[in-house]
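Working notes for the structure below.
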Amino acid sequence: MGFHLPLIFALLSLAAVALANHAAQPAPQLYWNSVLPNTQMPRTISELLHPDPTNEEQSTNVMNAAGNGKPIDHKGKPENTVLPELRIPFFYRIYDHPTDNQLHYKNVAIFFLEKDMRPGTTMNFQFPRNSNTATFLPRESAQLIPFSSNKLAEIFNHFSVKPTSVEAKTIKQTIEECEAPGIKGEEIYCATSLESMVDFSTSKLRTRNVQAISTEVLEKGATMSIHKYTTMPGLKKLAGDKVVVCHKQNYPYAVFYCHAIKPTAAYVLSLKGDDGVKVKAVAICHLDTSEWNPKHLAFQILKVKPGTIPICHFLPTDHIVWVPNHKSA
């Protein structure tokens with residue numbers, strides 16, 4: 001039998017291309033593909049896998065992450081107003097007292113009720129992106145860098161950050177938020193790599209058959225401004241009563257503050273802004289608020305008491321909700 005050399009060369013070329021593409025993929029993406037082969041990676045995650053060559057200061061630029069938005073015009077209307085950038089998890093920390101900065105947001109739909117997701121309902125909101133665009137480190141690299149309030153001096157030295165700088169303050173605050181205890185029934189974990197976020201989320205949901213979903217602005221628009229959004233038909237409730245939500249933190253490399261709270265419901269809904277921008281928004285509804293701080297901002301906004309009614313909030317575009325697939329056992 002003769003050899004079909006052209007066919008063999010073609011197959012070898014395809015194999016070489018496949019190997020090259022595999023080698024070009026960063027380690028976090030390879031881990032995702034191996035553990036979650038049937039789960040589509042959200043754009044919010046894929047954008048953090050490759051450093052932006054146009055941003056030379058990306059790895060250590062946490063100055064902007066500390067909050068550098070323009071001040072609020074207290075006399076103006078909420079529409080088209082630029083609010084100061086909030087730290088994450090800011091008011092989502094359900095046991096915190098509201099700060100003066102958070103109180104500025106009373107006219108914005110930070111928190112709302114499940115009935116507010118009905119088609120035709122309008123809410124004032126903004127869908128900004130975190131100004132810190134630091135990318136993921138491979139887990140092996142992240143594990144070599146301390147992430148503890150007891151190692152702050154070593155961390156500052158590693159990133160060449162002055163202890164008295166704004167960057168140092170941001171790093172310190174992020175670590176302290178990660179080390180703070182949760183409330184009863186809340187499981188908290190700060191993922192310093194994509195691999196560790198995948199492991200935490202799948203372990204808490206007890207399945208690898210999961211969806212990872214983020215809010216997406218479907219058309220280019222001024223997402224830093226507040227707009228009036230109208231809820232469109234097509235509300236979809238995601239599976240399960242326990243979800244894992246991961247909030248992008250401000251840090252020199254990608255860190256996510258993840259927490260699992262039960263019972264919780266997650267929804268995907270379509271919004272249309274008064275500027276024509278369409279948003280596929282993810283909303284989280286906390287079904288039991290009895291353990292929340294009674295002075296929490298949500299109760300002030302909605303005029304309800306702890307434990308009386310579910311409270312919902314949108315997720316910003318760089319946060320992720322993990323839920324089991326409907327096919328999960």
Side-chain angles (χ1 to χ4, degrees), residues 42-44 69-86 88-92 94 98-99 101-130 213-238 243 245 247 264-287 289 292 296-306 308-321 323:
R43 185 171 63 186
T44 251
K70 298 178 181 178
I72 299 173
D73 178 4
H74 295 282
K75 297 180 181 179
K77 296 180 180 180
E79 289 84 1
N80 301 321
T81 301
V82 177
L83 295 176
E85 184 176 346
L86 290 173
I88 307 302
F90 49 95
F91 36 71
Y92 295 149
I94 55 185
T99 66
N101 189 42
Q102 292 171 11
L103 293 176
H104 292 166
Y105 289 73
K106 283 191 174 183
N107 293 324
V108 186
I110 297 172
F111 297 98
F112 50 89
L113 304 178
E114 283 183 299
K115 67 179 180 64
D116 295 327
M117 292 188 287
R118 294 179 300 190
T121 303
T122 61
M123 292 181 273
N124 295 317
F125 201 70
Q126 64 180 142
F127 291 96
R129 291 191 64 83
N130 193 317
I213 304 175
S214 297
T215 293
E216 291 186 21
V217 178
L218 303 180
E219 299 177 13
K220 292 183 179 179
T223 57
M224 288 305 296
S225 298
I226 295 176
H227 291 283
K228 181 175 290 184
Y229 287 92
T230 301
T231 303
M232 309 302 289
L235 177 67
K236 178 185 178 182
K237 184 176 182 180
L238 302 178
V243 303
V245 184
H247 308 278
T264 306
Y267 295 87
V268 175
L269 60 157
S270 297
L271 302 175
K272 185 174 182 179
D274 57 3
D275 60 345
V277 171
K278 296 179 181 179
V279 178
K280 184 193 78 173
V282 177
I284 301 297
C285 293
H286 300 276
L287 307 182
T289 61
W292 289 29
H296 191 277
L297 182 62
F299 303 126
Q300 298 188 39
I301 291 175
L302 300 175
K303 309 299 182 185
V304 298
K305 295 182 179 180
T308 58
I309 191 170
I311 289 178
C312 309
H313 61 79
F314 290 124
L315 288 185
T317 55
D318 53 359
H319 298 191
I320 304 146
V321 59
V323 296

Assess the residue pair Val279 and Lys272 against the criterion (side chain to side chain contact (heavy atoms under 4.5 Å, CB included)); give the C-alpha distance rounded to whole Å, side-chain angles, the decisive distance to 0.1 Å, and a yes or no. CA-CA 6 Å; Val279 178; Lys272 185 174 182 179; over 6 Å; no
Could you go through Leu302 and Ile311, starting from their C-alpha distance and side-chain angles, then the distance that decides it, and tell me whether this counts as side chain to side chain contact (heavy atoms under 4.5 Å, CB included)? CA-CA 9 Å; Leu302 300 175; Ile311 289 178; 3.9 Å; yes
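Closest of all the heavy-atom pairs between Ile213 and Val268 is CG2-CG2, 4.3 Å. The two atoms that bring Leu218 and Lys280 nearest to each other are CG-N, 4.1 Å, heavy atoms only. Across Ser214 and Pro42, no two heavy atoms sit closer than the pair OG-CB, 3.9 Å. When all heavy atoms of Ala298 and His296 are compared, the pair lying nearest together is N-ND1, 2.9 Å. When all heavy atoms of Asp116 and Thr231 are compared, the closest pair comes out as O-OG1, 3.8 Å. Residue Met117 comes nearest to Cys312 through the heavy atom pair CE-SG, 4.4 Å, listed as atom of the first residue, atom of the second, then distance.
For the ring pair (Phe, Tyr, Trp, His ring centres under 6.0 Å) test, no residue two or more places apart in sequence or in another chain qualifies with Tyr267.
Between Phe127 and Leu271, some side-chain heavy-atom pair lies under the 4.5 Å cut-off. Here the side chains of Lys228 and Phe125 are not in contact, with every heavy-atom distance at 4.5 Å or above. In this structure, Thr121 and Thr230 have side chains that are not in contact, with every pair of non-hydrogen atoms separated by 4.5 Å or more. A heavy-atom distance below 4.5 Å is not found between the side chains of Lys278 and Met232. Considering only heavy atoms from C-beta on, Ile320 stays 4.5 Å or farther from Val245 through its side chain. Put simply, the side chain of Arg118 does not reach to within 4.5 Å of the side chain of Leu235, judged on heavy atoms. Val277 has its side chain within reach of Val217: a pair of non-hydrogen atoms, C-beta onward, lies under 4.5 Å apart. Inter-residue side-chain proximity for Leu287 and Thr264 is flagged as unmet; no heavy-atom pair is nearer than 4.5 Å.
Ring geometry, Phe299 versus Trp292: the interplanar angle falls from 30° to 60°, so the pair is classed tilted. Taking the six-membered ring for Trp and thresholds of 30 and 60 degrees, Phe314 and Phe112 have ring planes inclined between 30 and 60 degrees apart.
We find the NZ-SG distance between Lys237 and Cys285 to be 8.5 Å, quoted to the nearest 0.5 Å.
In terms of modelled atom types and a separation under 3.5 Å, the side chain of Thr317 and the main chain of Thr215 share no donor-acceptor contact. Side-chain atoms of His227 never come within 3.5 Å of backbone atoms of Tyr229 as a donor-acceptor pair (strictly under, hydrogens ignored).
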